[in-house]
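Chain letters run A, B, ... following the sequence lines, proteins first and then strands; every chain starts at 1.
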Amino acid sequence: MRKGTLRQILLITDGCSNQGEDPIAMAALAKEQGITVNVIGVLDQDIIDEQGLREIEGIAQSGGGISQVVYAKQLSQTVQMVTRKAMTQTLQGVINRELKQILGSHASIEHLSPEKRVEVMEVVEELGETVNLQVLILVDTSGSMKTKLQTVKEALLDLSISLNARLGNNEFSVFVFPGKKGEVDRILDWTPKMESISSVFPKLTSGGITPTGPAIREAVQQFQKRRSLKGLFTHDGDDDVYIEQSM
Amino acid sequence: MTVMTMYTSNNLCNIRTGTVIQGKWHKRHYEIIKPLGKGANGVVYLAKEGRAFVALKISNEATTMMSEVNVLKRFSEVQGITLGPCLLDVDDWLHPHEKKIYSFYVMEYIEGDDLLTFIQKRGKEWIIVIILQLLGDLHKLHEKGWVFGDLKPDNLIVSGAVPKVRLIDVGGTTIRGRAIKEFTEFFDRGYWGMGTRKAEPSYDLFAVAMIMMNMCYPKRFERKENGREQLRLMISSHPYLKKYEKILWRALDGKYTCAHEMRKDLLQCMQQPTEQKEKREGRTVRVKGKKKFRLLETMFLFVCLLFMYVVYLYVQIL
Ligand SMILES: Nc1ncnc2c1ncn2[C@@H]1O[C@H](COP(=O)(O)OP(=O)(O)OP(=O)(O)O)[C@@H](O)[C@H]1O
Ligand SMILES: [Mg+2]
């Protein structure tokens with residue numbers, strides 16, 4: 001199989017958006033363009049906001065990704081797990097599509113015998129290990145996240161340890177919202193090394209607005225920019241295969 | 001595709017005793033006896049197939065299950081040595097009430113205590129025995145091209161009349177050179193800022209050192225600012241760990257490239273102090289012996305003199 005690139009948005013937030021477009025719609029838009037949206041909800045204690053929860057699940061669902069709600073303490077393991085599982089899920093989607101092409105529209109991994117399924121999983125794992133990955137991380141830095149930002153930073157460093165152990169290439173980019181001036185600020189441009197966020201990660205939170213929708217929209221645009229830039233500079237098209245999940 | 005729930009569904013945690021699980025593909029029957037344990041990826045039950053006890057793992061995450069099955073299958077292909085439980089069956093189960101299909105696999109039931117419980121019951125002197133056994137098994141595993149990954153006392157069961165450590169839960173077991181699939185923070189060198197998460201033998205050996213730490217600090221502890229310094233203090237302030245300090249550090253710093261090296265060093269370290277003790281004891285015994293000899297000498301002389309005196313008196317009286 002060709003070596004391709006998986007594109008993911010990882011949204012880390014603790015609650016409801018209150019400005020701009022509907023984030024669920026923006027996530028659907030991302031998915032249409034082959035970008036998966038995963039969401040991690042960070043809780044303080046047992047306070048679970050029904051509406052926030054619904055939004056978190058809604059964004060992931062319409063963005064073709066995974067959502068998980070955790071306490072700040074478990075964040076590192078969760079970020080790592082969600083990213084990996086989302087990769088597997090997307091790749092499984094791709095395999096499913098190919099299976100349908102070969103075996104007809106009713107075929108899918110679940111319908112295979114356990115023996116065959118094990119073999120398919122081996123291929124999925126192999127792909128997950130070697131595929132290139134672009135992750136754009138969107139961090140909610142609105143007032144209520146203040147006490148959690150240190151943990152978020154640590155979780156992101158931990159994520160880069162996990163992903164950098166893979167054989168495939170990684171690129172990370174980090175955005176925070178709300179931004180100092182606009183809705184979103186970029187704090188880290190595409191880079192294979194996330195270690196540098198240590199110095200640029202905001203310690204202070206900015207204001208009470210939470211423009212989650214606009215943040216996702218901006219993230220999708222970043223991917224498109226990246227794509228056109230790459231198209232300009234790379235001559236062999238091989239590098240430019242994006243793996244998209246089909247439904 | 002729907003949102004995945006990462007925690008095992010409640011229905012799977014509460015399968016009642018006596019429930020018979022029949023596989024959709026292979027039609028084998030398993031009668032549930034009791035839950036053995038529950039983890040992030042599923043629930044493991046003790047079950048009976050006919051009269052034989054088996055362990056049955058069921059989960060709503062087919063993906064991770066299949067990946068574990070893959071590893072167990074490869075392990076069973078390695079002949080002559082048992083690494084991990086034997087794989088017996090893989091199948092799907094149609095939940096009668098939910099009308100939902102769950103994947104399950106069946107493996108050899110390994111009876112025994114987890115490592116921490118075993119050491120608490122049988123004593124500290126067993127730690128080193130188990131660690132040596134473990135390093136032997138890890139060496140074989142590494143040679144076959146695998147790294148265990150999620151190595152921790154909970155995933156080690158000590159089993160049998162002649163206690164032998166067995167590896168369970170192969171969820172973290174990874175092909176050498178890839179990224180570790182699953183790990184637990186306390187035993188992960190990435191967490192302590194002391195190395196990558198690449199699957200290499202040294203990754204497991206770091207965890208072995210942390211298992212020894214965990215045996216001495218059963219509550220475990222969280223990382224502070226400087227992880228390495230923190231570990232240094234924990235080792236040097238504990239008499240048991242202090243004894244193996246050099247070896248622990250070689251393992252923690254990733255200096256061992258092979259489990260056998262670490263095993264050899266541990267064996268050597270165990271023999272050294274006893275040798276010294278013997279020497280010292282040998283010497284004191286000899287010194288004591290000399291003293292005794294002198295005492296005997298004096299007594300002998302005394303008795304001789306007394307005897308001569310008695311003879312003298314006797315002669316005089318006569
Ligand atoms: N073959 C077996 N024989 C006996 N007990 C077993 C066996 N397999 C698993 N167990 C028990 O079930 C528990 C959970 O199993 P396992 O660790 O495989 O689940 P998991 O979902 O992978 O958990 P974890 O959170 O540790 O990754 C184990 O800790 C152990 O006590
Ligand atoms: Mg496991």
Side-chain angles (χ1 to χ4, degrees), chain A residues 31 36 38-39 56-70 73-74 76-78 80-82 84-86 88-93 96 109-110 112-115 117-122 124-126 128-130 154 157-158 160-168 245-247, chain B residues 1-7 23-26 40-41 61-74 87 89-93 100-106 147 149 174-175 177-186 188-200 203 222-223:
Chain A
K31 190 178 131 194
T36 312
N38 304 300
V39 194
I56 286 166
E57 281 180 357
I59 295 173
Q61 211 146 24
S62 74
I66 291 171
S67 72
Q68 182 67 50
V69 177
V70 287
K73 224 173 131 100
Q74 303 159 297
S76 287
Q77 287 223 320
T78 309
Q80 193 266 129
M81 193 150 77
V82 163
R84 286 204 135 241
K85 290 208 168 158
T88 312
Q89 182 172 299
T90 310
L91 292 169
Q92 256 183 321
N96 252 338
I109 296 178
E110 292 86 62
L112 296 175
S113 72
E115 290 76 19
R117 217 181 302 151
V118 166
E119 279 172 33
V120 170
M121 264 318 295
E122 217 166 358
V124 170
E125 256 184 29
E126 170 114 30
E129 182 67 28
T130 52
E154 274 165 25
L157 288 172
D158 194 81
S160 76
I161 297 180
S162 276
L163 294 180
N164 285 338
R166 294 184 329 121
L167 296 172
Q245 183 178 347
S246 71
M247 283 297 108
Chain B
M1 224 164 264
T2 51
V3 179
M4 263 161 122
T5 38
M6 236 166 268
Y7 296 105
K24 178 182 149 192
W25 302 84
H26 305 144
N41 301 323
E61 276 196 53
T63 327
T64 35
M65 293 283 280
M66 289 305 133
S67 143
E68 289 179 24
V69 165
N70 242 326
V71 176
L72 289 174
K73 233 170 127 182
R74 286 294 140 82
L87 180 70
D89 190 17
V90 189
D91 215 324
D92 293 331
W93 180 51
K100 221 182 129 189
I101 286 185
Y102 292 106
S103 306
F104 69 87
Y105 66 82
V106 183
V147 167
T174 310
I175 295 177
R178 293 191 178 177
I180 293 289
K181 276 194 283 191
E182 233 176 76
F183 55 86
T184 303
E185 280 178 351
F186 186 82
D188 163 47
R189 66 182 184 189
Y191 170 77
W192 290 100
M194 291 173 70
T196 66
R197 287 199 184 119
K198 251 211 187 319
E200 358 181 272
Y203 185 89
E222 262 174 55
R223 179 195 55 195

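Rounding to the nearest 0.5 Å gives a distance of 12.0 Å between CE of B/Met65 and CE of A/Met121. Separating the NZ atom in B/Lys181 from the OG atom in A/Ser162 is a distance of 14.0 Å, to the nearest 0.5 Å. For the atom pair CD1 of A/Ile161 and CG of B/Asp188, the computed distance is 7.5 Å after rounding to the nearest 0.5 Å.
Shown here for B/Lys198 and A/Arg166, the closest heavy-atom pair between the two residues is NZ-O, 3.9 Å. Residues A/Leu167 and B/Gly177 share a closest heavy-atom pair of CD2-O, 3.6 Å.
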Kindly determine whether B/Arg197 and A/Asp158 satisfy side chain to side chain contact (heavy atoms under 4.5 Å, CB included), including the steps that lead there.
CA-CA 10 Å; B/Arg197 287 199 184 119; A/Asp158 194 81; 2.7 Å; yes
Run the side chain to side chain contact (heavy atoms under 4.5 Å, CB included) test on B/Glu185 and A/Gln77 for me, step by step, so that the C-alpha distance in whole Å, both residues' side-chain angles and the decisive distance to 0.1 Å come before the verdict.
CA-CA 8 Å; B/Glu185 280 178 351; A/Gln77 287 223 320; 3.5 Å; yes
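Residue B/Ser103 touches chain A through its side chain alone, counting heavy-atom pairs closer than 4.5 Å. Using a 4.5 Å cut-off between heavy atoms, A/Arg84 touches chain B through its side chain atoms alone. Using a 4.5 Å cut-off between heavy atoms, B/Arg223 touches chain A through its side chain atoms alone. Of the two parts of A/Glu119, neither the backbone nor the side chain holds a non-hydrogen atom closer than 4.5 Å to a non-hydrogen atom of chain B. Using a 4.5 Å cut-off between heavy atoms, A/Thr88 contacts chain B through its side chain alone, with no backbone atom that close. At a 4.5 Å heavy-atom cutoff, B/Tyr105 makes no contact with chain A through either its backbone or its side chain.
Formation of a donor-acceptor pair under 3.5 Å by the A/Glu129 side chain with backbone atoms of B/Ala179 is found in this model.
At least one side-chain heavy atom of A/Glu115 sits less than 4.5 Å from a side-chain heavy atom of B/His26.
Between A/Glu122 and B/Arg74 a salt bridge is recorded (basic side-chain N to carboxylate O distance below 4.0 Å).
Top candidate by heavy-atom pairs under 4.5 Å with chain A, chosen from B/Arg178, B/Glu222, B/Met66, is B/Arg178.
No option in A/Lys85, A/Arg117, A/Gln92 other than A/Gln92 meets the side-chain contact (heavy atoms from CB on, under 4.5 Å) test with B/Thr63.
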